[in-house]
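Along the sequence shown, the residues carry numbers beginning at 1.
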Amino acid sequence: MTSRRLICMVSDGTHRKLRNVLIRSDLTQAQRKAAQKDFHLISAALSTDQTILSNDNEARKIFALAATEVVQFQKLIWVNPCNDHEQCIQWLVKGAKPEQQRFLFQD
């Protein structure tokens, strides 16, 4: 996959300032710890196509809460391929265009 340029390597410190904003957010201590553990998902999405495919609904909820404070998170798309109602495969086949119901932040 690397030789076909399907993997995008992201420096660990690329979004250090956003990680620090997240640490200072109004999340609980447990939520901040979980968010730090999964921050690589956010960093990769911000560095690429703004999309996260993950079955971690708890991380999704935490980052959605954080998105009320961190504007950069609001444009991210999060799709859980294990949730049948999200129709992930069909969405990907159709080109994975941004749809309002898929944004991490719902206003």
Side-chain angles (χ1 to χ4, degrees):
M1 289 186 64
T2 302
S3 65
R4 292 190 293 169
R5 300 183 192 266
L6 296 175
I7 296 177
C8 178
M9 300 303 271
V10 178
S11 170
D12 198 26
T14 301
H15 297 101
R16 185 166 296 170
K17 288 181 184 176
L18 281 180
R19 183 188 295 263
N20 291 337
V21 169
L22 185 64
I23 291 168
R24 292 188 306 270
S25 71
D26 287 339
L27 297 174
T28 67
Q29 183 66 22
Q31 290 170 327
R32 280 195 294 273
K33 185 176 179 179
Q36 287 179 44
K37 179 179 79 65
D38 291 323
F39 189 77
H40 64 281
L41 297 171
I42 298 294
S43 185
L46 289 170
S47 295
T48 57
D49 65 356
Q50 311 292 320
T51 303
I52 298 166
L53 271 66
S54 170
N55 66 350
D56 190 340
N57 287 325
E58 193 58 38
R60 183 186 210 171
K61 289 176 192 174
I62 291 168
F63 287 117
L65 279 172
T68 62
E69 296 179 60
V70 184
V71 177
Q72 293 88 335
F73 293 2
Q74 294 178 5
K75 60 187 172 187
L76 296 176
I77 294 170
W78 192 301
V79 179
N80 184 336
C82 295
N83 289 346
D84 291 337
H85 71 276
E86 293 190 39
Q87 300 179 332
C88 179
I89 301 298
Q90 295 90 329
W91 176 70
L92 289 169
V93 168
K94 291 180 183 177
K97 297 198 177 18
E99 298 171 344
Q100 184 62 40
Q101 73 272 13
R102 299 185 189 281
F103 283 105
L104 185 59
F105 179 75
Q106 300 290 318
D107 45 353

**Student:** List the atom of L27, the atom of A35, and the distance in Å for their closest heavy-atom pair.
**Tutor:**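 For L27 versus A35, the nearest heavy atoms are CD1-CB, 4.4 Å.
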
**Student:** Ignoring hydrogens, what is the shortest heavy-atom contact between A64 and F105? Give both atom names and the distance.
**Tutor:**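 Closest approach of A64 to F105, heavy atoms only: O-CD1, 4.5 Å.
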
**Student:** In Å and rounded to the nearest 0.5 Å, what is the CD1 to CD distance from I23 to Q36?
**Tutor:**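 If we round to the nearest 0.5 Å, I23:CD1 and Q36:CD are 4.0 Å apart.
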
**Student:** Determine whether V79 and L41 fall in the same hydrophobic cluster, where Ile, Leu, Val, Met, Phe, Trp and Tyr are linked whenever their side-chain heavy atoms lie under 4.5 Å apart.
**Tutor:**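 Looking at the clustering, L41 is in a separate group from V79.
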
**Student:** Flag the pair I52 / I77 as yes when at least one side-chain heavy-atom distance between them is below 4.5 Å, and no otherwise.
**Tutor:**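 Result no, sub-4.5 Å side-chain heavy-atom pair not found.
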
**Student:** Measure the acute angle between the ring planes of F63 and F39, then classify it against the limits of 30° and 60° as parallel, tilted or perpendicular.
**Tutor:**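 Ring orientation, 0 to 90° scale: tilted.
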
**Student:** Does S47 reach the main-chain N or O of A44 with its side chain, forming a donor-acceptor pair under 3.5 Å?
**Tutor:**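 Such a contact is absent between S47 side chain and A44 backbone.
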
**Student:** More than 12 heavy atoms of other residues, nucleotides or ligands under 6.0 Å from CG of D84: is that the case?
**Tutor:**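 No, not enclosed.
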
**Student:** Please evaluate residues L18 and I42 with respect to the criterion side-chain contact (heavy atoms from CB on, under 4.5 Å), reporting the C-alpha separation (whole Å), side-chain torsions for both, the decisive distance (0.1 Å), and the verdict.
**Tutor:** CA-CA 10 Å; L18 281 180; I42 298 294; 5.6 Å; no

**Student:** Are any side-chain N or O atoms of W78 and backbone N or O atoms of R102, one a donor and one an acceptor, separated by less than 3.5 Å?
**Tutor:**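 Such a contact is absent between W78 side chain and R102 backbone.
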
**Student:** Test your reading of the model: is there a side-chain donor-acceptor pair from T51 to the backbone of D49, 3.5 Å cut-off?
**Tutor:**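 Yes; at least one donor-acceptor contact below 3.5 Å.
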
**Student:** May I have the step-by-step check of side-chain contact (heavy atoms from CB on, under 4.5 Å) for C88 and N80, ending in yes or no?
**Tutor:** CA-CA 7 Å; C88 179; N80 184 336; over 6 Å; no

**Student:** When you measure from the side chain of Q106 to the backbone of F103, do you find a donor-acceptor pair of N or O atoms at a distance under 3.5 Å?
**Tutor:**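 Yes, Q106 side chain to F103 backbone: donor-acceptor pair under 3.5 Å.
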
**Student:** Do the charged groups of R60 and E86 touch, with an N to O distance under 4.0 Å?
**Tutor:**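 Here R60 pairs with E86 in a salt bridge, since their nearest N and O are under 4.0 Å apart.
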
**Student:** Rounded to the nearest 0.5 Å, what separation is found between the CG atom of D38 and the CD atom of E58?
**Tutor:**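 Nearest 0.5 Å value for the CG-CD distance: 10.0 Å.
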
**Student:** Taking S43 for the side chain and H40 for the main chain, is one N or O donor matched with an acceptor at less than 3.5 Å?
**Tutor:**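 Not a single qualifying donor-acceptor pair exists.
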
**Student:** In Å, rounded to the nearest 0.5 Å, how long is the span from CD1 of I62 to CG of N57?
**Tutor:**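 So the gap between those two atoms works out to 11.0 Å.
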
**Student:** Is the backbone of D26 close enough, under 3.5 Å, to the side chain of E69 for a donor and an acceptor to pair up by distance?
**Tutor:**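 Answer holds: yes.
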
**Student:** How far apart are the closest heavy atoms of L22 and A66, and which atoms are they?
**Tutor:**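 That would be CD1-CB, 3.5 Å.
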
**Student:** Supply the atom-to-atom distance K94 NZ to E99 CD, rounded to the nearest 0.5 angstrom.
**Tutor:**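 Answer rounded to 0.5 Å: 8.0 Å.
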
**Student:** Could you tell me the separation between the CG atom of L65 and the NZ atom of K61, rounded to the nearest 0.5 Å?
**Tutor:**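 Rounded to the nearest 0.5 Å, the CG-NZ separation comes to 10.0 Å.
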
